[in-house]
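Input: a single structure, listed below in structure tokens.
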Amino acid sequence: MYTAEFDYKKVSSVADALAALKAHPDAKLLAGGHSLIPTMKLRLASPSALIDVSSIPGLKGIRLEGDVIVIGAMTTHRDIEHSSLLKDKCPILPEQAALIGDPMVRNKGTIGGSLAHADPAADYPASMLALGAKMKIESSSGARVVTADDFFVGMFQTAVAEGEMLTEIHIPANTKSSAYEKFAHPASRYAIVGVAVVKHADGTTRAALTGAGASAVRLPKLEAGSISSLVSAADLLSDNFASAEYRAHLVDVMAKKALARV
Amino acid sequence: MADKVPITLTVNGTKHSVHVEPRTLLVQFLREHLSLTGTHVGCDTSQCGACTVHLDGMAVKSCTMFAVQADGSSVTTIEGIGEIGHLHPLQQGFWEMHGLQCGFCTPGMIMSAADLLQHNAKPSEAEIRHALEGNFCRCTGYHNIVRAVQHASGQIQNQAQAADD
């Protein structure tokens, strides 16, 4: 399948990427391309230009700054899966990364691309909410930091506005224990239901759900100690793979499995 | 038409400097521009893995990247890993263990398994199956495919042992 025609521009700095976005308002940023390219091949998206940000120096890698883990937006799922820093300080991310798609997808796909795409069945949004992560978003007028709670706005919608770019993910290095349980679609490996639970060093527990609804959400009932009827089927998606009622049931099952491991 | 973009990439050890339309997929470039038709297009939706090649040593789905994204990179296809009379241990393994029926998925299976064996020379059966999750065989010959990878793993270890002795 061919995509529609587009102009291609590879950039080597965030400033160049933002300038290119300004010059081509309907351009798309190209990272690993594993959500965008299939969408373009189906002609569900036909941007006039692609701005390739995959090799901007400094946007790839994982580092510890004080008590915050900083992950560059262009870090691949493979790098997250094998990061010894994350395995030690934030094990839920390597656990999740190993469950994304398949090895070839993980070799190209990036955490920033996945978060900015905000697929309702993506894995990371649940852990971002449960970890209390923050997203650094840059534009030509400067940078701002948005909490995960404010980042996921709706289906394929985030707080990243036109002319802006997600550049870093900041995660507090305070995980005491964590678990992610996913009921995966058997072919695509996307989450039909995914539940992330993180116990933090300050004694709080945060939990979140992905796959079941229009976007990832916190699970306040679970955080308050309940383990049944965590969500209402009326708030969930229904499709040919799983009805809303079945998804609601799966949420309780995945939550119990995750809680048993934290 | 969108402007063509100059790219330089190395494919199976040969350097190519060409101009391509940005929307040219890497798999189209390999098959239609370089006539390397060993890399197959199966689902064309990044699920089946028949189009798997190595990009700088890592297995990727060449139907889900543009040729322009491979600028400056080294690509290895199924044609580049062995030759008649000197097969790659994985090619030999698929031959010995009847690891194929129709053969359509085989190039992708071999390229994915080669990425696995580069990083894990002695994978368990479970690790092999996990590593091949992105490759579909519609003849459902998975058992012999796993045996083929185990055979190759043994061959590679024997070769390493012989080199040490």
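A note on names: the letters A, B, ... follow the listed sequences, proteins ahead of strands, and every chain is numbered from 1. Predicted model only: the values in this text are computed from it and were never measured.
Other residues, nucleotides and ligands place more than 12 heavy atoms under 6.0 Å from the NE2 atom of B/His119. Dense packing is recorded around NZ of A/Lys87, with more than 12 heavy atoms of other residues, nucleotides or ligands lying under 6.0 Å away. For A/Tyr2, the OH atom counts as loosely surrounded, since its 6.0 Å shell holds 12 or fewer non-hydrogen atoms of other residues, nucleotides or ligands. Shown here is B/His33, whose NE2 atom has more than 12 heavy atoms of other residues, nucleotides or ligands within 6.0 Å. For NZ of A/Lys257, the number of neighbouring non-hydrogen atoms (other residues, nucleotides, ligands) closer than 6.0 Å is 12 at most.
Residue contact with chain B, scored on non-hydrogen atoms closer than 4.5 Å, involves the backbone of A/Ala4 exclusively. Proximity to chain A (any heavy atom under 4.5 Å) is shown, for B/His54, by neither the backbone nor the side chain. Contacts between A/Asn107 and chain B at a heavy-atom distance below 4.5 Å involve backbone atoms as well as side-chain atoms. At a 4.5 Å heavy-atom cutoff, A/Leu36 makes no contact with chain B through either its backbone or its side chain. Using a 4.5 Å cut-off between heavy atoms, B/Leu132 does not touch chain A at all. Looking at B/Gln69, both its backbone and its side chain come within 4.5 Å of chain A, counting heavy atoms on both sides. For chain B, no part of A/Leu42 is nearby; none of its heavy atoms comes within less than 4.5 Å.
For the pair B/Pro22 and A/Tyr8, the tightest heavy-atom approach, listed with the atom from each and the gap, is CB-CB, 3.8 Å. The shortest non-hydrogen separation linking A/Lys108 to B/Leu55 is NZ-CD2, 4.2 Å. Taking every heavy atom of both residues into account, A/Pro38 and B/Ser46 meet most closely at CG-OG, 4.0 Å.
Side-chain contact check for B/Cys63 versus A/Lys41: some heavy-atom pair is nearer than 4.5 Å. By the 4.5 Å heavy-atom criterion applied to side chains, A/Asp52 and B/Phe66 are not counted as neighbours. Side-chain atoms of B/His130 and A/Asp102, non-hydrogen and from C-beta on, never get closer than 4.5 Å to each other. The closest side-chain heavy-atom distance from A/Met104 to B/Ser112 is below 4.5 Å.
Between B/Asp71 and A/Lys10 there is no salt bridge, since no side-chain nitrogen of the basic residue lies less than 4.0 Å from a carboxylate oxygen of the acidic one. A salt bridge links A/Arg78 with B/Asp115; the closest basic N to acidic carboxylate O contact falls under 4.0 Å.
One finds the CG atom of A/Asp7 at 12.0 Å from the CZ atom of B/Arg23 (value rounded to the nearest 0.5 Å).
Options B/Ala131, B/Gly134, B/Gly49 differ in how many heavy-atom pairs under 4.5 Å they form with chain A, and the most are formed by B/Gly134. When the candidates B/Asp44, B/Thr45, B/Thr24 are compared by the number of heavy-atom contacts under 4.5 Å with chain A, B/Asp44 comes out ahead. Between chain A and the options B/Val68, B/Leu25, B/Val41, B/Val5, the largest number of non-hydrogen pairs under 4.5 Å is found for B/Val68.
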